[in-house]
Protein chains: 2
Amino acid sequence: MNAEKVLDVAMTAYWQSDPADVSVNAICQLAGISKPSLYREFGSEDGLSRAVLDRYAEQVLSELFLILHRGTGLRGTLDALIDFASDDPRMETGCLFYKMRAGKHRLGQETLARVEEIDATGQAAYVAFLKAARDAGEWADGLSVEAGAKYLGEQIALAITQRASGEDPGRIREMLTLALSVFTRR
Amino acid sequence: MNAEKVLDVAMTAYWQSDPADVSVNAICQLAGISKPSLYREFGSEDGLSRAVLDRYAEQVLSELFLILHRGTGLRGTLDALIDFASDDPRMETGCLFYKMRAGKHRLGQETLARVEEIDATGQAAYVAFLKAARDAGEWADGLSVEAGAKYLGEQIALAITQRASGEDPGRIREMLTLALSVFTRR
DNA sequence: GGCATAAAATACCAACCAGTAACAAAATGA
DNA sequence: TCATTTTGTTACTGGTTGGTATTTTATGCC
């Protein structure tokens, strides 16, 4: 029955539209398998979406973390983030993680817990990045590192979410650049 | 049967949780009326949510437009917007309009059309506000007025949406202030 | 071949959805 | 006082949801 293929199909479907708008039935149909097969493999809808999220995290979100840990300085990293959010073709229909986070209340407990875990990991990565920048003397705003990290994360999320709603990428880049310019002004 | 009361009940329910998560059945039960009564009055679920949105626009969104048209200068208006988005108790569970806009694809055609109309009106109001500020010499960024208006609107929407997800209002104010500081730096 | 075992699919469940047909009660008008 | 129209209710339709009990099919194994 090939669990990997099912995960791929489900990830694509969830990602392309929205987890809340794709039923278990639809996924079975798309993957060409029967419902009991799916339930034997993943236990429940929650189990499936959790597995999908795991896969998404290691296949896609890892790239975002990579940018943050690359250590190319404040400006270099911010530019890479802007490029990723506003032009990377993989984000053309938005980010599955952000879609899940936006519809938190509709998720099962397993998936919800994983979303919050990933969210915390992301926040920590942003914090580490900003701390390094501050220690290097590249950034010295009055803002706390935690607030700056949250701000940065939310601006990225906003930009990618706008990608999903068909906004012009040039416009998105313009707005994100503006939003992140608060980190580099002196 | 009192259509006003039904609209109030529906508006509160949609607003408190999310339009997509409140069924017609639930509204009938909350309002203490039967389903056929509701359908005779509003025609369809789309008709109801459209009527609710109309009511919301004139009761709540009007206040936002009022702030924008008050003409208290760039700084004064931005401060008023920040106050409204991050501390007004009415926005504690988010904004019904933004919730509808975020779930566009789930709306009926009438409601969708109204959402887009309101969106355009809002954009126009932000544009007028920024134009006035620029003419008064209070703002002279390299940004186009349209891009600035979109940016401003999205930042307000982001802040209010974060209110709905239980984020700390102080933190929200901090982030929104930071985001809007791009308009007042020299 | 014959048979146990595991994997799959068919067909079903109860709960909910938006929407309506049929009917009873009450208000209105002549 | 009686016909008409409006208002509201009960009870239903057809469809979809997540989840399963049951039956069929395929796979070893002897």
Side-chain angles (χ1 to χ4, degrees), chain A residues 1-54 96 99-100 103-115, chain B residues 1-54 96 99-100 103-115:
Chain A
M1 99 144 214
N2 201 345
E4 297 255 320
K5 186 195 158 194
V6 175
L7 280 179
D8 270 340
V9 165
M11 185 170 89
T12 304
Y14 283 157
W15 191 358
Q16 184 95 22
S17 61
D18 190 301
D21 296 328
V22 180
S23 69
V24 176
N25 294 320
I27 289 171
C28 289
Q29 201 164 335
L30 287 171
I33 61 162
S34 72
K35 224 172 351 164
S37 302
L38 187 147
Y39 274 90
R40 211 171 312 116
E41 184 71 33
F42 300 104
S44 66
E45 183 176 36
D46 189 22
L48 170 65
S49 60
R50 189 217 136 101
V52 168
L53 177 54
D54 282 343
L96 176 54
K99 287 183 179 186
M100 284 184 169
K104 258 187 183 183
H105 59 284
R106 281 185 269 253
L107 299 177
Q109 49 172 317
E110 275 187 52
T111 312
L112 176 59
R114 191 83 182 90
V115 162
Chain B
M1 97 145 215
N2 200 346
E4 297 255 322
K5 185 195 159 194
V6 175
L7 280 178
D8 270 340
V9 166
M11 186 170 88
T12 303
Y14 283 155
W15 191 357
Q16 184 94 21
S17 61
D18 190 300
D21 296 327
V22 180
S23 69
V24 175
N25 293 320
I27 289 171
C28 290
Q29 201 164 335
L30 288 171
I33 60 163
S34 72
K35 223 168 359 161
S37 301
L38 187 146
Y39 275 91
R40 244 195 300 273
E41 184 72 32
F42 300 104
S44 66
E45 184 176 34
D46 189 21
L48 170 66
S49 60
R50 190 217 135 100
V52 168
L53 178 53
D54 282 343
L96 176 55
K99 287 183 179 186
M100 283 185 170
K104 258 188 183 180
H105 58 286
R106 282 186 267 253
L107 299 177
Q109 49 173 318
E110 275 187 52
T111 312
L112 176 59
R114 190 85 181 88
V115 161

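Model, not experiment: these values are computed from the prediction. Only heavy atoms go into these numbers, but all of them, side chains included; no hydrogens, no water, no symmetry mates. Order of the sequence lines sets the chain letters (A, B, ...), proteins ahead of strands, with each chain counted from 1.
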So, with a heavy-atom separation below 4.0 Å from DNA chain C, the residues of residues 13-32 of chain B are B:Ser23, B:Val24, B:Asn25
Closest non-hydrogen atom pair between [X] and [Y], with its separation:
| X | Y | answer |
| --- | --- | --- |
| A:Ser49 | A:Met100 | O-CE, 3.8 Å |
| A:Ile27 | A:Val9 | O-CG1, 4.3 Å |
| B:Thr111 | B:Leu53 | O-CD2, 4.0 Å |

Just wondering, do [Y] and [X] contact through their side chains at under 4.5 Å, heavy atoms?
| X | Y | answer |
| --- | --- | --- |
| A:His105 | B:Ser17 | no |
| B:Val52 | B:Trp15 | no |
| A:Gln16 | A:Val22 | no |

### Message
Return the CG to CG distance between A:Asn25 and A:Leu38, rounded to the nearest 0.5 Å.
### Response
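Reported to 0.5 Å precision, the distance equals 10.0 Å.
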So CD of A:Glu41 and CG of A:Asn2: to nearest 0.5 Å the spacing works out to 9.5 Å
Taken to the nearest whole Å, CG/B:Leu38 to C1'/C:dA18 is 11 Å
In whole angstroms, the gap separating P of C:dT20 from CD of B:Glu45 amounts to 12 Å
With heavy atoms under 4.0 Å as the rule, sort A:Ser37 into base, sugar-phosphate or nothing. sugar-phosphate
Should the pair B:Asp46-B:Arg50 be classified as a salt bridge under the 4.0 Å nitrogen-to-oxygen rule?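 No salt bridge links B:Asp46 with B:Arg50.
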Determine whether a donor-acceptor pair (N or O, by modelled atom type, separation under 3.5 Å) exists between the side chain of A:Lys5 and the backbone of A:Ala31.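 Yes, because the side chain of A:Lys5 sits within donor-acceptor range (under 3.5 Å) of the backbone of A:Ala31.
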Footprint ends on DNA chain D, 5' to 3', for atoms under 4.0 angstrom from a heavy atom of chain A, come out as D:dT17 to D:dA21
Table of protein N/O atoms under 3.5 Å from nucleotides 22-27 of chain C N/O atoms:
none

